Amino acid sequence: MTKGPIGVFDSGYGGLTVLKEIAVKLPEYDYIYLGDNARAPYGPRSFETIYQYTLQCVEWFFKQGCPLVILACNTASAKALRSIQQINLPTIDPAKRVLGVIRPTSEIIGKFTHSNKVGVLGTAGTIQSLSYPIEIEKFYPDITVYQQACPMWVPLVENNEYTSEGADYFINKYLQQILSQSNDIDTLLLACTHYPLLIDKIKGFIPANITVLSQGKIVANSLLNYLERHQEIAELCTKNGQSTFYTTDSTEDFDQKASIFYGKPVRSIHLIL
Ligand code: DGL
C-alpha cells in the first residue's frame, strides 16, 4: 500500500477554514486541498449532481495517492458521503477512507447547549437532507434541532461582499427566521464551511447569550482522535508538513481569495477534471 497526503475537499473556498485548523492541530501531515470552484456553489444543486461531482473529486484524490479524504463541505457530506462510503468505496478500494463534517459536529453539539434547543444554519442542500436532525438525534435524543437554509450567504462570501452593508440584510434575515422558531435556542451551528467568515456580523445580530459554533476546530479535533484510534490509516499518511492546493477554476482568483479563508498566502494549481 503506497503512502500519500490527506485529501481535503470543498466545493470552493469554505473547506480552507477547516484545513486551516487541521493543519494547526496536525502540522506534521501532508495535505492536498481541492476546491471545485468551477462548479460551485453545490448548495442549490440536486442530490445526483452533488454526488457525481463529489465522487469524481474523491476519485481524483485517490489517484493522487490519498489514503484518507475529508469532505470539508457540509453539502457534499450531506448528499454524497454515505453513497460514496457504501456504494463506491468497496469497489474502488476498501482500504481507503472518506470522512465528512456532519458526524463529528453532531457528536459534540450536546456539550454546548443547555436549553437542548439548537439552530442549524446551512445551504439548501444540507438543510433539505435533514442530515443534522437525524445525526444529532442519534447522539442526543433530547435535543430539538431547528433549521434554516441561508441560500444568499455562500454567494456573499464567494463574491467577497460579506463585509458590505448590503450583506447585513441577508445575514439578519436568516437569523431572525431561525430565532423566530423558538425563544430558547442557545446554540447556533454554522453548518457550512463558508460561514465562519460571517461570524462577527452574525454575533452582532443575535443576543450575546447564544453560542455561535463553527466547525474548523471541531473537525480538526475529531481527525486527531480518528488518527490516534486508526493507526493503520495514520501510517499510510505521509508526514512532511506540506500542503498543496488545487482549484478547478482560475488560479489567480483562487490565490487572491483563498488567503482570506486560510489566513496565509496560497499558490494553487489548476486542475481539469
Ligand atoms: N462550503 C459548503 C458547505 O459546507 C457549501 C458551499 C456551496 O454551496 O458550494 O456546505
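Start at 1 and go down the list; that is how both ligands and their atoms are numbered. Just so it is clear, the model here is predicted, and its values are computed rather than measured. Residue indices begin at 1 and follow the sequence shown.
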- prompt: When only distance counts, is G43 in polar contact with ligand 1, meaning an N/O pair under 3.5 Å?
  reply: yes

message: Below 30° counts as parallel, above 60° as perpendicular, anything between as tilted: where do the rings of F61 and F9 land?
response: perpendicular

task: Among T247, D255, T244, find the one that has a side-chain hydrogen bond (donor to acceptor under 3.5 Å, both in side chains) with S268.
output: D255

query: For atom 3 (C) of ligand 1, what's the nearest protein heavy atom and its distance?
result: N74 N, 3.3 Å

field: ligand 1 contact on T123 by region, counting heavy-atom pairs under 4.0 Å
entry: side chain

message: Considering non-hydrogen atoms of the protein only, which is the closest contact for atom 6 (C) of ligand 1, and what is the distance?
response: S11 OG, 3.3 Å

Contact check, C73 vs ligand 1, heavy-atom distance below 4.0 Å: yes

query: Between Y42 and ligand 1, does any nitrogen or oxygen pair lie at a separation below 3.5 Å?
result: yes

- prompt: Under a 4.0 Å N-O cut-off, is there an ion pair linking D186 with K117?
  reply: no

- prompt: Are E21 and K25 close enough for a salt bridge, meaning some N to O gap below 4.0 Å?
  reply: no

message: With salt bridge (Lys or Arg N to Asp or Glu O under 4.0 Å) as the criterion, how do R39 and D36 come out once you've worked through the C-alpha distance, each side chain's angles and the decisive distance to 0.1 Å?
response: CA-CA 6 Å; R39 301 187 292 197; D36 191 8; 2.7 Å; yes

- line: The answer for which part of D10 has a heavy atom under 4.0 Å from ligand 1 is side chain

field: Interatomic distance, S11 atom OG to Y53 atom OH [nearest 0.5 angstrom]
entry: 11.5 Å

- prompt: Among all protein non-hydrogen atoms, which one is nearest to atom 10 (O) of ligand 1, and what is the separation to 0.1 Å?
  reply: T75 OG1, 2.7 Å

